[in-house]
Amino acid sequence: MKKIAILVVALLIGGVTYSQKMITRAGEIKFDATVPGALDEVIGNNTTVSSLFDKTSGELVVQGMVKSFKFKSPLMEEHFNENYLESDKLPKTSFKGKVVGFNGKSGSYDVEGDLTIHGVTNKVKTKMSVTSDGGILISGSFTIKLADYKIDVPSLAKKTLAETAKITLKLPLENK
């Protein structure tokens with residue numbers, strides 16, 4: 001009887017801990033490096049982004065495959081993968097950080113951590129919207145300098161490819 005009681009308590013504690021983690025494999029990242037006023041848009045969308053969020057600690061991990069970004073133009077997609085992000089050598093992009101002060105309620109929160117693109121990791125900090133309604137939706141955007149991630153913009157491409165990119169995230173998370 002004592003062993004059964006211990007097992008039940010362990011399962012209950014495990015269940016509470018287990019339910020604090022939320023996951024998605026259908027997150028979205030939008031990469032926009034369009035030069036204002038340019039004829040061509042440099043916008044890639046990735047809708048197969050994985051993410052894990054711990055509601056208790058606020059820890060957030062996001063990972064996407066570079067080759068999963070889709071562009072309007074196949075040539076632009078080829079340049080993105082082969083020339084700029086070298087996706088064969090550096091196939092993943094990731095973020096490891098925290099939603100600071102998350103208390104389970106919807107609102108605007110600081111999100112800070114390490115963003116890795118093109119094999120280069122930099123600290124980032126931005127505001128994100130967190131909506132808590134059954135599941136959790138984390139969304140927002142921030143701007144990066146491509147040079148900070150050793151992504152070179154050749155002089156011929158400067159009319160269409162900006163030196164900065166706006167990164168937009170949308171992470172619809174559900175209980176694990």
Side-chain angles (χ1 to χ4, degrees), residues 6 8-34 36 41-70 80 84-85 87 90-151 162-176:
I6 291 171
V8 168
V9 169
L11 287 172
L12 287 173
I13 290 172
V16 169
T17 302
Y18 183 76
S19 68
Q20 298 304 309
K21 297 201 189 252
M22 303 192 81
I23 190 167
T24 187
R25 287 185 180 84
E28 297 177 31
I29 297 176
K30 179 178 169 183
F31 176 92
D32 185 349
T34 303
E41 291 181 334
V42 181
I43 299 174
N45 288 298
N46 183 340
T47 58
T48 59
V49 175
S50 297
S51 183
L52 181 65
F53 177 60
D54 186 321
K55 293 188 294 187
T56 304
S57 66
E59 291 181 36
L60 176 65
V61 177
V62 182
Q63 182 173 307
M65 301 302 291
V66 175
K67 283 190 176 182
S68 295
F69 281 90
K70 300 299 175 203
F80 179 80
Y84 303 120
L85 292 187
S87 60
L90 305 159
K92 296 177 186 172
T93 183
S94 65
F95 173 83
K96 293 179 184 175
K98 190 171 187 171
V99 177
V100 179
F102 181 70
N103 58 11
K105 296 180 182 175
S106 296
S108 180
Y109 292 89
D110 286 330
V111 176
E112 56 187 37
D114 297 322
L115 177 64
T116 302
I117 300 173
H118 196 229
V120 177
T121 303
N122 288 306
K123 297 261 183 222
V124 295
K125 183 177 180 178
T126 190
K127 288 272 189 200
M128 293 270 178
S129 171
V130 180
T131 306
S132 181
D133 185 20
I136 287 183
L137 175 65
I138 299 175
S139 60
S141 62
F142 55 97
T143 301
I144 62 164
K145 291 181 182 177
L146 299 182
D148 290 348
Y149 294 90
K150 296 186 180 174
I151 301 169
E163 293 181 5
T164 60
K166 182 177 180 182
I167 309 293
T168 304
L169 290 170
K170 185 176 179 183
L171 305 170
L173 298 143
E174 298 177 350
N175 285 325
K176 186 174 171 184

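As a basis for the values below, the full set of heavy atoms in this structure was taken, side chains included, without hydrogen atoms, waters or symmetry mates.
Checked by atom type and distance alone, the side chain of Thr24 never pairs as donor or acceptor with a backbone atom of Ser50 at under 3.5 Å. Judged purely by atom type and a 3.5 angstrom limit, Asn46 has no side-chain atom pairing as donor or acceptor with the backbone of Val66. Between the Asp148 side chain and the Asn122 main chain, no donor and acceptor come within less than 3.5 Å of each other. For the pair Thr93 (side chain) and Thr116 (backbone), a donor-acceptor distance under 3.5 Å is present.
Between atom CZ of residue Phe53 and atom CG of residue Leu137 there is a gap of 11.5 Å, rounded to the nearest 0.5 Å. The CE atom of Met22 sits 12.0 Å away from atom NZ of Lys176, with the distance rounded to the nearest 0.5 Å. Between atom CZ of residue Phe31 and atom CD1 of residue Ile144 there is a gap of 6.0 Å, rounded to the nearest 0.5 Å. Annotation: the span from Lys145 atom NZ to Thr164 atom OG1 amounts to 9.0 Å, rounded to 0.5 Å. With rounding to the nearest 0.5 Å, the separation of CG in Leu171 from CD1 in Ile136 is 11.0 Å. Between atom OG1 of residue Thr47 and atom NZ of residue Lys170 there is a gap of 11.0 Å, rounded to the nearest 0.5 Å.
The nearest pair of heavy atoms linking Gln63 to Val49 is O-CG1, 3.4 Å.
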Next item on the list: Just do the side chain to side chain contact (heavy atoms under 4.5 Å, CB included) check on Asn45 and Glu28 with the steps written out, would you?
Entry: CA-CA 7 Å; Asn45 288 298; Glu28 297 177 31; 5.9 Å; no

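Side-chain contact between Ile43 and Lys30: present, with at least one pair of heavy atoms (C-beta onward) separated by less than 4.5 Å. No side-chain heavy atom of Leu146 sits under 4.5 Å from any side-chain heavy atom of Glu163. The shortest distance between side-chain heavy atoms of Val111 and Lys127 does not fall below 4.5 Å. Residues Lys92 and Met65 are in side-chain contact: their nearest non-hydrogen atoms beyond the backbone lie under 4.5 Å apart. Side chains of Tyr149 and Leu85 form no contact here, defined as non-hydrogen atoms less than 4.5 Å apart.
When Val62, Val124, Thr121 are each tested for a side-chain contact (heavy atoms from CB on, under 4.5 Å) with Leu115, only one passes: Val124. Just one of Asp110, Leu169, Leu60 meets the side-chain contact (heavy atoms from CB on, under 4.5 Å) condition when paired with Met128; it is Leu169.
Within a 6.0 Å radius of NZ in Lys70, other residues, nucleotides and ligands contribute more than 12 heavy atoms.
Side chains of Thr131 and Asp133: no donor on one and acceptor on the other come within 3.5 Å.
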Tabulate below the donor-acceptor pairs under 3.5 Å that side-chain atoms of residues 94-108 make, not counting sequence neighbours, or state none.
{"residue": "Asn103", "atom": "OD1", "partner": "Lys105", "partner atom": "N", "Å": "3.0"}
{"residue": "Asn103", "atom": "OD1", "partner": "Tyr109", "partner atom": "OH", "Å": "2.6"}
{"residue": "Ser106", "atom": "OG", "partner": "Ser132", "partner atom": "N", "Å": "2.8"}

